[in-house]
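First up is the structure itself, then whatever we jot down about it.
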Amino acid sequence: MSFFQFTPAFANPQGSPIRELFPYLSRPGMISLAGGYPSPSLFDQEGLAAAAAQAMATGATALQYGATEGSPALREQLAAQCQARGIRCSAGDVLVTTGSQQGFDLLLRVLIQPGDTVCVETPAYPATLAALRQAGARILSTPVDGDGLDVEALAAMLAALPVAERPKLLYTVPNFSNPCGTLLVQQRRERLVQLALQYGFVVVEDDPYGELAFTDARPAPVYAAAQQQVGEGENPVVYLSSLSKTVAPGLRVGWMVADPAVLRRCTVAKQTNDLCTSPLAQAVAASYLQSGRYGQAVAKACAEYLRRMLALTQGLKARLGDLVQFVQPAGGMFVWMTFDARIDPQKLFDAAVAAHVIFVPGKAFYADNANLHSMRLSFAAPDVAQIGQAVDRLTEAFDKAK
């Protein structure tokens, strides 16, 4: 008899399918198109070092426990970030989280009970699916096309569901989604809010990639679209974002903007989770945002990621032609690619690893009914020269998998 009686969610736990690829990354000469990591070469190390020095100059304050809601200085800066994106908010509307993933976990704790229905755009971020499974949620998949979440398919599904099976929550990454790299068009954002109001579900808008746009044309957040529709009424959208992709993931700084009733409950949930996000990391982030270097650093990242994206997509199309299909992203870090049914998915992965290039097989991004002839490629971490080599190696792998 075991002393350990695990909860159902952890009786037979499955780790992250992306992190389980890590052993391959240690192989000499491996080029990774797998992890969704920002490029270390684009970290503003000089600016962050200065921000860290300024944070430490405050004495022991940054080394002490802090308020669960977050430091006032950082909340002010994050509210300003949201305002620049089109969201009406103040510092009091912001809860600082330890990455945006914690924000989603807090929402599940305060909103979802085992058996509740949650909609996810599909294919979806694997950590989202894992969090929903651990919460005991019933997952409904809604398809994505080249313009993002298919809201009319969602509308048809909602209309057909019995009242008792309707979702309490819908999760979406509308800006350059992970894994698809698609951008949800403005008309669909407005329609999504209408559906949330009609059917009574919460929209979780996760926006870690929205700043990484390759053009100036980008829709306002879904949260802002909801503000236009409800005015001063209760907003059905919860907005999550992060500094991980634009400043540095090592800070582990994210945030939530939501209705006061939601923020209050998530704050209480966070108190039993980690008490507060690292005050030292918050002080560094606040000083960095105050320095005025953020905009220039993001612009530099966007220009470089555009170069890398074009190297990948143009190379793949030139070398693989009709064997592959994908939508060229207008921002972010990912390309979602499907490939010809004549290609054996496992042979392709094995051949790619043998050729020293790695991607994430598409099955990791589905709750069910996975499209096995799919993959996610990230162009963020490798440089242009490495991407050229990766295209050569993928071409070799496709030749061997036919």
Side-chain angles (χ1 to χ4, degrees), residues 16 36 38 51 55 62 64-85 87 89-112 118 125-132 134-135 169-175 178 202-211 221-223 235 237-289 294:
S16 164
Q64 186 54 277
Y65 288 114
T68 303
E69 295 85 351
S71 75
L74 182 57
R75 294 171 81 192
E76 287 284 353
Q77 291 298 318
L78 297 178
Q81 288 283 320
C82 289
Q83 291 162 11
R85 300 175 192 184
I87 293 174
C89 74
S90 64
D93 301 313
V94 175
L95 169 64
V96 178
T97 59
T98 305
S100 64
Q101 184 66 32
Q102 186 191 51
F104 185 60
D105 183 70
L106 295 175
L107 287 170
L108 295 184
R109 289 179 63 191
V110 305
L111 291 174
I112 300 302
V118 175
Y125 178 43
T128 297
L129 299 175
L132 290 171
Q134 291 172 17
L169 184 148
L170 178 143
Y171 175 87
T172 180
V173 184
N175 294 328
N178 180 2
V202 174
V203 176
V204 180
E205 177 183 15
D206 198 357
D207 186 24
Y209 309 105
E211 294 285 273
V222 179
Y223 192 96
N235 194 322
V237 181
V238 176
Y239 182 81
L240 303 177
S241 194
S242 170
L243 297 181
S244 292
K245 303 302 189 291
T246 55
V247 179
L251 288 175
R252 305 309 305 131
V253 169
W255 71 97
M256 175 191 298
V257 177
D259 181 87
V262 175
L263 283 186
R264 183 169 66 253
R265 287 161 175 81
C266 285
T267 299
V268 172
K270 184 173 167 63
Q271 289 170 357
T272 63
N273 186 295
D274 64 358
L275 298 179
C276 61
T277 297
S278 164
L280 179 57
Q282 290 189 66
V284 174
S287 295
Y288 184 75
L289 294 175
Y294 176 82

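Owing to the predicted nature of the structure, the values given are computational and were not obtained by experimental measurement. The figures that follow rest on heavy atoms only: side chains count, while hydrogens, waters and symmetry mates do not.
- Here the side chain of Ser100 pairs no donor or acceptor atom with the backbone of Gly254 at under 3.5 angstrom.
- Ser278 has its side chain out of reach of Thr98: every pair of non-hydrogen atoms, C-beta onward, lies at least 4.5 Å apart.
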Would you tabulate the side-chain donor-acceptor contacts of residues 70-81 under 3.5 Å, counting partners in other chains and residues two or more places apart, or write 'none'?
from, atom 1, to, atom 2, distance (Å)
Ser71, OG, Leu74, N, 3.1
Arg75, NE, Ala91, O, 3.3
Arg75, NE, Val94, O, 2.8
Arg75, NH2, Ala91, O, 3.3
Arg75, NH2, Val94, O, 3.0
Gln81, OE1, Arg85, NH2, 3.4

TODO: Assess whether side-chain contact (heavy atoms from CB on, under 4.5 Å) is satisfied between Val262 and Leu107, documenting all intermediate values.
DONE: CA-CA 8 Å; Val262 175; Leu107 287 170; 3.7 Å; yes
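- Expressed to the nearest 0.5 Å, how far CG of Leu243 lies from CD of Gln282 amounts to 10.5 Å.
- In this view, Arg265 satisfies the side-chain hydrogen bond (donor to acceptor under 3.5 Å, both in side chains) rule with no residue, not counting sequence neighbours.
- Residue Leu251 comes nearest to Ala285 through the heavy atom pair CD1-CB, 4.3 Å, listed as atom of the first residue, atom of the second, then distance.
- For the pair Ser287 and Ala55, the tightest heavy-atom approach, listed with the atom from each and the gap, is OG-N, 4.2 Å.
- With values rounded to the nearest 0.5 angstrom, Leu111 atom CG is found 6.5 Å from Cys266 atom SG.
- Between Val257 and Val237, the closest side-chain pair of non-hydrogen atoms is not below 4.5 Å.
- With rounding to the nearest 0.5 angstrom, the OH atom of Tyr223 is 7.0 Å from the SG atom of Cys89.
- To the nearest 0.5 angstrom, Asp207 atom CG is 10.0 Å from Thr172 atom OG1.
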TODO: May I have the step-by-step check of side-chain contact (heavy atoms from CB on, under 4.5 Å) for Thr272 and Arg109, ending in yes or no?
DONE: CA-CA 11 Å; Thr272 63; Arg109 289 179 63 191; 2.9 Å; yes
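- Scored by the side-chain hydrogen bond (donor to acceptor under 3.5 Å, both in side chains) test, Ser242 finds Ser244 as partners (sequence neighbours excluded).
- Between Val253 and Val247, the closest side-chain pair of non-hydrogen atoms is not below 4.5 Å.
- Rounding to the nearest 0.5 angstrom, the gap separating the CD atom in Gln101 from the CG atom in Leu106 is 10.5 Å.
- For the salt bridge (Lys or Arg N to Asp or Glu O under 4.0 Å) test, residues two or more places apart in sequence or in another chain that qualify with Asp274 are Lys270.
- In terms of heavy atoms, Thr267 sits closest to Leu95 at OG1-CD1, 3.7 Å.
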- [ ] Carefully, step by step, assess Tyr239 and Ile87 under the rule side-chain contact (heavy atoms from CB on, under 4.5 Å).
- [x] CA-CA 10 Å; Tyr239 182 81; Ile87 293 174; 3.8 Å; yes
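- The heavy-atom pair separating Asn273 from Asp105 by the smallest distance is ND2-OD2, 3.8 Å.
- When the side-chain hydrogen bond (donor to acceptor under 3.5 Å, both in side chains) test is applied to Tyr288, the partners found at least two apart in sequence or on another chain are Asp44.
- Checking each of Val204, Leu132, Thr128 against Leu108 for a side-chain contact (heavy atoms from CB on, under 4.5 Å) leaves exactly one that passes, namely Leu132.
- Within the model, atoms CD of Glu69 and CZ of Arg264 stand 11.5 Å from one another, a figure rounded to the nearest 0.5 Å.
- You'll find the side chain of Tyr65 reaches within 4.5 Å of the side chain of Leu275, heavy atoms only.
- Legend: residues meeting ring-ring contact (aromatic ring centres under 6.0 Å, His included) with Tyr209, ordered by chain and number and at least two apart, are Phe334.
- With a 4.5 Å cut-off on side-chain heavy atoms, Trp255 and Thr277 do not count as touching.
- Contact of the Glu205 side chain with the Pro174 side chain is registered, since non-hydrogen atoms from C-beta on lie closer than 4.5 Å.
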